[in-house]
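What you see is a predicted model; the values in this text were computed from it and never measured.
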Amino acid sequence: MLLPVLILLLTALISVSCNPPGVLPERTGDIAPQVSGEEPDTSSDVNSQDEFNLWWQDYNRPIHLDTSSYPGFLRGAWASRLDEARRYLSNAESLRNGGFDSILLGIDIVFDPETGDAKSLGDELFIFYLQAFKKAGFRVIVIPNPMHPNLDMGKGYEWEGTDPSAGYHRSYELLEKMESVVIKWAGIAQQYHADGFVPLNEPFKLVRDYQDASKWLQEILPEIKEVYRGQIIALDTMLNLGQGSTIPYPYDYSGYDIILGGPPCGWKDIAHWELMIKEYISKGDQYVQDYYCEGFGLYEWGSYTGGVWYEPIPEDQILNQIQARLIVEAMIRQADGTTIASFPRISKGWSDFDTPAFESIVAWYKNMGEEITPLEKKQWTDAEIKEIEQNLAGDEYDDIFQIAETSPYTFPNERPYLPIPEDFDLTSFVTTHTGDKITLSQDTKNHIFNNCEVWINAENITVSSSKFVNSRVIVNNTADVSFERVVFTELDQYEQAALTINNSHEITVNNCNITNNYIGVGIHSSSVDIINCRFEHNNGHNALVIGEGSVANVDDNYFFGSFPHAILIMNREEESQAMVSISHNYIDQTGEDAIDFEDYRNAAPSMVSGNLIINSGWAAIIVEYNSWEADITIEDNWIENTGSDWELTTHALQPESFQPGWGHGILVEDSSQVRIVNNRVLLAGQNGIEIRNSREVAAEGNGIDCSQVGIGVYRYNESSLYREVSPLGEENAGSSQGKADNNVVFSAGRDYYIEKSCQFTITE
């Protein structure tokens, strides 16, 4: 095999060194360019092919990058597509500042529609990225990547099962077709001093018998070693196929230096995820021992939140941002100290920039070592990079797989449908309690309680098909208590909740009716799930109160006639575990702000997503009262008719009555770390989004129809320094800071208003 391999190598090197297209230099030694001075400008002033060729001849000279000070762990990102590589390069400084020091660079591989042989597209283009990333200070690992929808170039590929109509059928012969392009890129990786080389991304998807992939990996390895002398890495998804079998069974990794494994992108069952990733890494570590490799790492891991190309396999689920961060942190707990590499996708729909999940990765990476220092601090723009891409790829450019840039968020024209939980009452009981103080220590079903005080201190109890009338229920210092199809009604006791949950965990309130109470439910220092319940006319002092560092999931509920708030959330104690996920709730007719975060400080990432909020007396969603480091994402909510003239009565014991207030759709005041993304704000009585004395606020992709300012940004209110509840400290009295990107103001008196003292950027 040696002579054919050398011929292939020479052919490969010649093919990327000729001119035209491109002008790679003939020399292939260790030539380091001068790094002083500025990079030649590659923007619109490059107005001739000759000038571009001269720049390219200088730019593509192979360089060595001294990585002796880098940590042994590869703190990486996986650039599986052209658009991801472009985004990483244009955000190179953000990646460096986040502790990243390595890029796994995918090379686009397709089957030639004329010959049926495998070929790489845009060789010089990907060499540019290899060079640019190294100059930006990153280690680069090269991986030929055929795993994308354009692999068959329109001829049809048999991805799953048997497809007689496909132009390409999975077989060992398809893997053999990959050999020439793999060896070519191994030679390029050597020429340009790549820090590692992976023969192929997911070779098992090209064969029916997974052992064929194992066989191929062993047969190609000696040929790769003839032309590439760096670390050679095997890549394996290691998915569970059931019946104790995995993909593969395993591969034969003999002779490979490192193994990378790609777990599924996440399940909503966080505990399941942590166990899965623990077993996954344990399996990888066993492979390392069996085959005497240097270590095991992870690639394409994390969590998927929608937005781009998505493979709907059972193991992968679309998650919200809170779930995404929890899954990432579970992975980090298992991987820290046990793996040697990490290559998540930092792209839209996966971890992305400026998301809670990304922040967790950054914290992990930065803890491992110092930020890297680039050879050149070129600040690339997308326009510059695309011009280079098109010049270098030529006619092949349109065939290189990438996710097209999406247009600004398109909002639905009709109010989304959210089902309202069943309205029911209970009339048939086996036991009646009246005027008693009762302690429940076992399951309770079909009981009615009138004017009682009921305590639950024991664990593992279910209360079902029961009714509490003007009766307080207190769950205290316990765990694993469930309320199923229970009615809590007519509690006429000042500042008391019909259901109070204190210092308890794993509490579930499911399919319950909570109506006509002073306060519906109060949660304190507890973890609770509230699902599929009806909250109606809890109008003394809120329908639902969540406080003192509690963790709560509030999903698929119906709130009507709440005063002053449907949901009030607080964390004055600054408990770092405080977290709420409020999703897919239907909230109608609220006296003041429908969802109100007050003093929500130093909390874990929380989410308000997919809710339908209509007819609020004041704002639909507000974050206020010194909610510093709140870490809240407000996403995909439909908000309609804020600042309405609320006319429903309040509770008889509550002296406060409705008074008109602000009518903003979303208000953030005296707070920080709030993201407002892809919300629809209609008929807002004042501003669509108001940001006042708040920092690290991002408003992205929102659609707004309001009577005053679409997005208004202001300094602090003087009166906030003297308010009775949670006054603003003078040290925190200032102006707003943040950004607004790709928002659409459909109708407003004025699209934007930013007070001069505020540091807020607007991009349309």
Mind checking the [atom1]-[atom2] spacing from [X] to [Y]? Nearest 0.5 Å is all I need.
X	Y	atom1	atom2	answer
R325	I332	CZ	CD1	9.0 Å
N742	I762	CG	CD1	11.0 Å
I634	I666	CD1	CD1	5.5 Å

Going by atom types alone, do [X] and [Y] pair a side-chain donor with an acceptor below 3.5 Å?
X	Y	result
E329	S360	yes
N201	Y299	yes
S80	R345	yes
Y600	S606	yes
R139	S102	yes

Criterion side chain to side chain donor-acceptor pair (under 3.5 Å) against [X], the qualifying member of [options]:
X	options	value
Q402	E84, R86, R81	R86
N743	N702, N679, N678	N702
Y397	K386, Q390, E389	E389

Minimum side-chain heavy-atom gap [X]-[Y] below 4.5 Å:
X	Y	answer
I224	I183	yes
V674	E696	no
V608	E635	no
T381	I385	no
L200	L206	yes
L121	K119	yes

Examine distances only and state if a side-chain atom of [X] and a backbone atom of [Y] form a donor-acceptor pair shorter than 3.5 Å.
X	Y	result
D101	R75	yes
S672	R695	no
Y88	I346	yes
N693	N732	yes
T338	A335	yes
K225	I232	no
N145	I107	no
E300	F343	no
Q131	Y59	yes
H193	K134	no

Once you measure the plane-to-plane angle for F128 and W380, does it fall in the parallel (<30°), tilted (30-60°) or perpendicular (>60°) bin?
perpendicular

For the residue pair Y280 and F296, categorise the inter-ring angle as parallel (less than 30°), tilted (30 to 60°) or perpendicular (more than 60°).
tilted

Does atom CD (Q577) have a neighbourhood of more than 12 heavy atoms from anything else shown, all under 6.0 Å?
yes

Decide if atom NZ of K278 counts as having more than 12 heavy atoms of other residues, nucleotides or ligands within a radius under 6.0 Å.
no

How far apart are the C-alpha atoms of D108 and H148, what are their side-chain angles, what is the distance that settles it, and do they pass the side-chain contact (heavy atoms from CB on, under 4.5 Å) test?
CA-CA 9 Å; D108 198 282; H148 54 79; 3.5 Å; yes

Between the side chains of [Y] and [X], is the shortest nitrogen-to-carboxylate-oxygen separation below 4.0 Å, so that they form an ion pair?
X	Y	answer
R333	E274	yes
K378	E384	yes
K739	D354	yes
E279	K283	no
R675	D631	yes

Going through the distances and angles, do E93 and R96 end up as a salt bridge (charged side-chain N to carboxylate O under 4.0 Å, His left out)?
CA-CA 5 Å; E93 184 175 5; R96 288 194 299 265; 5.2 Å; no

Checking R87 now: which residues fulfil salt bridge (charged side-chain N to carboxylate O under 4.0 Å, His left out) with it, not counting sequence neighbours?
D352

Give me the one residue out of W301, Y304, W273 that meets side-chain contact (heavy atoms from CB on, under 4.5 Å) with I327.
W273

Aromatic ring centroids of W78 and F100 under 6.0 Å?
no

Quick check on the 6.0 Å ring-centre criterion: do F358 and W350 meet it?
no

Among all residues two or more places apart in sequence or in another chain, which pass the side chain to side chain contact (heavy atoms under 4.5 Å, CB included) test with A85?
A79, L105, Y129, F133

Which atoms form the tightest heavy-atom contact between [X] and [Y], and what is the distance?
X	Y	answer
V142	A194	CG2-CB, 3.9 Å
S94	F353	CB-CE2, 4.2 Å
S342	W364	OG-CZ3, 3.7 Å

